[in-house]
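In what follows, a single structure is set out as structure tokens and then discussed.
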Amino acid sequence: VQLQASGGGLAQAGGSLRLSCAASGRTISNYAMGWFRQAPGKEREFVAGITWSGASTYYADSVKGRFTTSRDNAKNTVTLQMNSLKPEDTAVYYCAAEGRRWRSTVVAGSASRYDYWGQGTLVTVSS
């Protein structure tokens, strides 16, 4: 599976950005997807996740109410809508796909559970 993330860029505080993640090489429709981010000097952290069907989503407390993830299994894509952006949201954002738990009804918050990773897209939020 190859994952290609896009949509990053520069936004002002309070603004919005929409990240997309397109999968190729294998369908991701039967596996949970996650979004992680890594700020300079910090560890990679879980941001959001969505089950294979899209029925359940999970968010880190820091983004809850501001970010929304969704997926289109027909198009093999996942998106992360980021609203009310804050300077502390500045980071490289990664999409990731699980590859071992077929149609799991839960989403893992640990990066070690994900088997496939996109290359990352930089989000910079200015104050």
Side-chain angles (χ1 to χ4, degrees):
V1 176
Q2 291 79 45
L3 301 177
Q4 180 73 38
S6 61
L10 177 64
Q12 291 188 331
S16 299
L17 285 173
R18 184 179 179 88
L19 305 184
S20 295
C21 178
S24 61
R26 172 186 172 185
T27 181
I28 58 168
S29 60
N30 294 307
Y31 298 95
M33 296 289 295
W35 289 94
F36 290 77
R37 67 186 181 187
Q38 188 166 18
K42 295 187 176 181
E43 293 186 353
R44 190 171 298 190
E45 64 175 356
F46 174 82
V47 174
I50 186 167
T51 53
W52 71 274
S53 65
S56 297
T57 54
Y58 301 83
Y59 300 94
D61 288 342
S62 58
V63 306
K64 201 171 293 183
R66 301 187 297 121
F67 291 11
T68 303
T69 188
S70 59
R71 67 190 299 162
D72 185 337
N73 283 340
K75 296 182 178 179
N76 234 18
T77 59
V78 180
T79 60
L80 182 68
Q81 178 67 42
M82 304 185 296
N83 298 328
S84 302
L85 284 164
K86 303 176 180 180
E88 51 263 44
D89 294 320
T90 295
V92 176
Y93 283 71
Y94 300 88
C95 60
E98 290 198 29
R100 287 165 283 172
R101 298 191 301 171
W102 189 82
R103 295 195 174 185
S104 173
T105 56
V106 297
V107 170
S110 171
S112 64
R113 286 296 191 98
Y114 293 83
D115 299 287
Y116 307 101
W117 292 83
Q119 84 286 5
T121 184
L122 177 62
V123 171
T124 303
V125 183
S126 62
S127 57

Inset, instruction - Could you pull out all residues at least two apart from K42 that satisfy side-chain hydrogen bond (donor to acceptor under 3.5 Å, both in side chains)? - result: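 K42 satisfies side-chain hydrogen bond (donor to acceptor under 3.5 Å, both in side chains) with no residue once adjacent residues are dropped.
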Inset, instruction - Using side-chain hydrogen bond (donor to acceptor under 3.5 Å, both in side chains) as the criterion, list what pairs up with S56, not counting sequence neighbours. - result: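 Listed in chain order: nothing, the list is empty.
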Inset, instruction - Please go through Y31's hydrophobic cluster and name the other residues, only I, L, V, M, F, W, Y counting, with side-chain heavy atoms under 4.5 Å joining them. - result: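 Cluster partners of Y31: W102.
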Legend entry - Shortest non-hydrogen contact from S112 toward S110: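 Shortest heavy-atom contact: OG-OG, 2.8 Å.
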Legend entry - Pair listing, ring-ring contact (aromatic ring centres under 6.0 Å, His included) test, anchored in residues 35-58, at least two apart: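 Found F36-F46, F36-Y114, F36-W117.
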Inset, instruction - Can you run down the ring-ring contact (aromatic ring centres under 6.0 Å, His included) pairs that involve residues 66-100, sequence neighbours left out, and say none if there aren't any? - result: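 Found none.
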Enumerate donor-acceptor pairs with a distance under 3.5 Å from any side-chain N or O in residues 85-92 to protein atoms, sequence neighbours excluded.
{"unit_1": "D89", "atom_1": "OD1", "unit_2": "R37", "atom_2": "NH1", "d": "2.9"}
{"unit_1": "D89", "atom_1": "OD1", "unit_2": "R66", "atom_2": "NH2", "d": "3.0"}
{"unit_1": "D89", "atom_1": "OD2", "unit_2": "R66", "atom_2": "NH1", "d": "2.7"}
{"unit_1": "D89", "atom_1": "OD2", "unit_2": "R66", "atom_2": "NH2", "d": "3.4"}
{"unit_1": "D89", "atom_1": "OD2", "unit_2": "K86", "atom_2": "N", "d": "2.8"}
{"unit_1": "T90", "atom_1": "OG1", "unit_2": "P87", "atom_2": "O", "d": "2.9"}
{"unit_1": "T90", "atom_1": "OG1", "unit_2": "V125", "atom_2": "N", "d": "2.9"}
{"unit_1": "T90", "atom_1": "OG1", "unit_2": "V125", "atom_2": "O", "d": "3.4"}

Inset, instruction - Scan for salt bridge (Lys or Arg N to Asp or Glu O under 4.0 Å) pairs involving residues 108-127, sequence neighbours excluded, and state none if there are none. - result: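 Salt bridge (Lys or Arg N to Asp or Glu O under 4.0 Å) check on residues 108-127 returns R100-D115.
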Legend entry - Atom pair OG (S29) and CZ (R71), whose distance is rounded to the nearest 0.5 Å: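 CZ of R71 is found 7.0 Å from OG of S29.
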Inset, instruction - Any chance you could measure M33, atom CE, to L80, atom CG, to the nearest 0.5 Å? - result: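 Answer for the CE-CG pair, M33 versus L80, is 11.0 Å.
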Inset, instruction - Only pairs at least two apart or in different chains count here, so list each side-chain hydrogen bond (donor to acceptor under 3.5 Å, both in side chains) that has a residue in residues 118-127. - result: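 Every pair satisfying side-chain hydrogen bond (donor to acceptor under 3.5 Å, both in side chains) with a residue in residues 118-127: there are none.
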Legend entry - Expected output: side-chain T69 to main-chain T79 donor-acceptor under 3.5 Å: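 Flag set: sc T69 to bb T79 pair under 3.5 Å.
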Can you give the donor-acceptor pairs under 3.5 Å from side chains of residues 4-22 to other protein atoms, not counting sequence neighbours?
{"unit_1": "S16", "atom_1": "OG", "unit_2": "N83", "atom_2": "OD1", "d": "2.9"}
{"unit_1": "R18", "atom_1": "NH1", "unit_2": "Q81", "atom_2": "OE1", "d": "3.1"}

Partners of [X] by side-chain contact (heavy atoms from CB on, under 4.5 Å), sequence neighbours excluded?
| X | result |
| --- | --- |
| A23 | V1, L3, I28, N76 |
| S104 | R101, V106 |
| S24 | Q2 |

